[in-house]
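What follows is one structure encoded as structure tokens, with my remarks underneath.
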Amino acid sequence: MIDVYNHIFTTLSGLGYPVREQGSYGEHETLPETHITYFILNQDDASHADNQPTSTTTAVQVALYSKQPAIVQQANQTLKAIMMPAGFLRAGGRNLPFDSDTGHYGYTSTYNFYDLEG
């Protein structure tokens, strides 16, 4: 089965922005002007054979943040263009409130990834 963490990271890195797991920036770190975070919401075994999982379903939340509103306004299309060809299915998205402390706008969406043992 695929290493889903690596698959998410590699896929999102293709956009050319810094990519980190959600919550991994330190309190005193300076956030990049534009960056992406991800978080695995849940991962479930979808099927079994001989008491072993043969498929998994992973839900991942992806967020794109930027100080440039135009980048965030296109975030849905940008993320879909890279995530869907990598086998992720979009399950919804929404704008995040402007963060006046950091000056970032944000957009978050959820993707599902289905992995079959093969």
Side-chain angles (χ1 to χ4, degrees):
M1 304 248 279
I2 194 166
D3 175 352
V4 72
Y5 284 94
N6 186 52
H7 188 52
I8 294 165
F9 180 82
T10 302
T11 299
L12 292 171
S13 293
L15 291 173
Y17 301 123
V19 176
R20 301 257 300 256
E21 283 192 72
Q22 186 175 338
S24 65
Y25 281 103
E27 183 179 342
H28 300 291
E29 271 185 272
T30 301
L31 296 175
E33 181 173 313
T34 300
H35 63 282
I36 298 170
T37 63
Y38 66 92
F39 174 73
I40 295 206
L41 297 169
N42 66 350
Q43 190 171 38
D44 297 315
D45 295 339
S47 61
H48 294 82
D50 297 326
N51 206 27
Q52 296 294 320
T54 57
S55 67
T56 57
T57 303
T58 304
V60 59
Q61 180 176 292
V62 178
L64 188 148
Y65 299 96
S66 183
K67 292 185 176 185
Q68 299 180 34
I71 290 176
V72 174
Q73 290 166 357
Q74 295 298 316
N76 182 40
Q77 293 83 3
T78 300
L79 292 171
K80 282 195 314 189
I82 200 153
M83 296 293 283
M84 293 178 77
F88 294 88
L89 301 174
R90 187 177 178 280
R94 65 183 175 90
N95 290 320
L96 297 170
F98 175 74
D99 187 333
S100 58
D101 291 338
T102 67
H104 285 87
Y105 299 87
Y107 179 84
T108 186
S109 55
T110 302
Y111 288 88
N112 292 320
F113 184 76
Y114 302 95
D115 187 18
L116 298 173
E117 185 178 275

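Thr108 contributes a side-chain N or O that, together with a main-chain N or O of Val62, makes up a donor-acceptor pair within less than 3.5 Å.
Aromatic pair His35/Tyr17: ring centres not closer than 6.0 Å.
Residues satisfying the salt bridge (charged side-chain N to carboxylate O under 4.0 Å, His left out) criterion with Arg20, sequence neighbours excluded, are Glu29.
Linking ILVMFWY side-chain heavy atoms closer than 4.5 Å, directly or via other members, places Leu15 and Val72 in a single hydrophobic cluster. Using a 4.5 Å cut-off between side-chain heavy atoms of Ile, Leu, Val, Met, Phe, Trp and Tyr, with links allowed through other members, Val4 and Leu41 fall into different hydrophobic clusters. Under the 4.5 Å side-chain heavy-atom criterion for Ile, Leu, Val, Met, Phe, Trp and Tyr, Ile82 and Val60 are members of the same hydrophobic cluster.
Heavy atoms only, all atoms of each residue included: Asp115 and Ile2 are closest at OD2-N, 2.8 Å. What you find for Val19 and Phe9 is that their closest heavy atoms are O-CE1, 3.4 Å. For the pair Met83 and Leu12, the tightest heavy-atom approach, listed with the atom from each and the gap, is SD-CD2, 3.6 Å. Of all the heavy atoms in Arg90 and Asn76, the pair that sits closest is NE-OD1, 2.8 Å. Shortest non-hydrogen contact noted between Leu31 and His104 is CB-CE1, 3.7 Å. What you find for Ala59 and Asn112 is that their closest heavy atoms are CB-OD1, 3.4 Å.
Within the model, atoms OH of Tyr105 and CG of Asp99 stand 11.0 Å from one another, a figure rounded to the nearest 0.5 Å. With rounding to the nearest 0.5 Å, the separation of CG in Leu89 from CE in Met84 is 6.5 Å. The distance from atom OH of Tyr65 to atom CD1 of Ile36, rounded to the nearest 0.5 Å, is 11.0 Å. For the atom pair CD (Gln73) and OH (Tyr107), the distance works out to 12.5 Å, reported to the nearest 0.5 Å.
The aromatic rings of Phe88 and Phe113 are tilted relative to each other, their planes meeting at an angle between 30° and 60°.
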Would you check, one step at a time, whether the test side-chain contact (heavy atoms from CB on, under 4.5 Å) holds for Ile8 with Ile40?
CA-CA 10 Å; Ile8 294 165; Ile40 295 206; 4.0 Å; yes
Run the side-chain contact (heavy atoms from CB on, under 4.5 Å) check on Tyr38 and Gln61 step by step: do they pass?
CA-CA 5 Å; Tyr38 66 92; Gln61 180 176 292; over 6 Å; no
